[in-house]
Amino acid sequence: MNSEHATLNVDLGARSYDILIGEGLLQQAGTLIRPVLARPRCVLITDENVEHHWLGTVEGSLDAAGIEYLSIVLEPGEQTKDYAHVEALTGQLLDARIERSTTLIALGGGVVGDLVGFCAAITLRGLDFVQIPTTLLAQVDSSVGGKTGINMPQGKNLIGAFHQPRLVLADIGALSTLPPRDLRAGYAEVVKYGLINDADFFAWLETNGPRIIASPDTADMQARRHAVLTSCRAKAAIVSADETEQGMRALLNLGHTFGHALEAKTGYGETLSHGESVAIGTVMAFDLSVRMGLCSIEDRDRVKNHLAGCGLPVGLDTIRDAGWSSSELIDLMGQDKKVAGGKLTFILARNIGQSFITNDIDLAEVTAVLDDHLKA
Ligand code: GLY
């Protein structure tokens, strides 16, 4: 185990914070967190899956650092990100007599991070929180940047707040206990950074991707570390420049306009995870870019082949049924937060590494892309 870690900074003035990336951070969590605590008093929140692997390790590190804590374990799964769980969790926090100086610690994947971050944003008008992401998706995307929130029947992440963590600890070692499907789903968000503005990184992933998502005995930890570090560096730069998504932060939604509609259609469940929806949505975004004469077929095929080669879904063939229609999917896209003046926002590509934001889209082209996927 390599205990050295890299440190990146998310530069947001008084709300700036560090992202620490390395191995063995869970074992040192108490010592690493202690300097950002107003008082050595925390509530550590995780889910049943992560409890099994890592809760004892983190609790031991808090004990060793002299930090008092209460642990709360949630049920796993996307259905935990709803109003009922916000009410239950905030109620537990108040019953525990937390104070404004109490820090919440989110130990887990994107669901735990988003829910705990949102509860931190609204409880006692704002508590500090620390992210300890244990999935690849959370390490490279959701734990960084302060987007917190819950899903609604009307759409994903529609209730929430920007609330930045005080610290992010991304322990690469935690990825060793991830189910392969979750690792692959997170990998879709890693690929995103290459496609947005870093063609060299995408080319590196074409060679190294299989070693990143390989099983623990054959995985290349240096490659994983490089992938997480490069992704977090890209995300930190975008968030520092546009914290509340007035402009360029929307680039991080590449594949998400299509993807969120697919997640909503399949009920945020086992059929399609967030990362899998993003993989299909990314291919759709490149299909649309090709249709509009913006992107070469060769680049679209490189993207599709790489995602498929890493075991990600790139079409609807295994999930759609005869009742699906393009108009219904477009309707679901209309529930997206990124609708402006009634127009859908898409992230399109002028080839790999040259993504851009637009809402100047002919819906007939979007319909054609979806129809192609629905009949493929
Ligand atoms: N996951 C997209 C963002 O943080 O902006």
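In listed order, ligands and their atoms are each counted from 1.
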Subject >> Carboxylate-amine/guanidinium proximity below 4.0 Å for Glu270 and Arg181 >> reply: yes
Original post:
Any chance the side chains of His85 and Gln79 put a donor and an acceptor closer than 3.5 Å?
Top reply: no
Original post:
Is the CG atom of Asp95 crowded by more than 12 outside heavy atoms at less than 6.0 Å?
Top reply: yes
Original post:
Does the ring center of Phe129 lie less than 6.0 Å from the ring center of His163?
Top reply: yes
For ligand 1, which of its N or O atoms have a protein N or O partner closer than 3.5 Å, and how long is each gap?
{"from": "ligand 1", "atom 1": "1 (N)", "to": "Asp141", "atom 2": "OD1", "distance (Å)": "3.1"}
{"from": "ligand 1", "atom 1": "1 (N)", "to": "Asp141", "atom 2": "OD2", "distance (Å)": "3.1"}
{"from": "ligand 1", "atom 1": "4 (O)", "to": "Lys235", "atom 2": "NZ", "distance (Å)": "2.5"}
{"from": "ligand 1", "atom 1": "4 (O)", "to": "Arg249", "atom 2": "NH2", "distance (Å)": "2.8"}
{"from": "ligand 1", "atom 1": "5 (O)", "to": "Lys147", "atom 2": "NZ", "distance (Å)": "2.9"}
{"from": "ligand 1", "atom 1": "5 (O)", "to": "Arg249", "atom 2": "NE", "distance (Å)": "2.7"}
{"from": "ligand 1", "atom 1": "5 (O)", "to": "Arg249", "atom 2": "NH2", "distance (Å)": "3.3"}

Subject >> Short side-chain to backbone donor-acceptor contact, Asn359 and Lys343, under 3.5 Å >> reply: no
Subject >> CZ on Phe356 to OG on Ser289, rounded to 0.5 Å >> reply: 6.5 Å
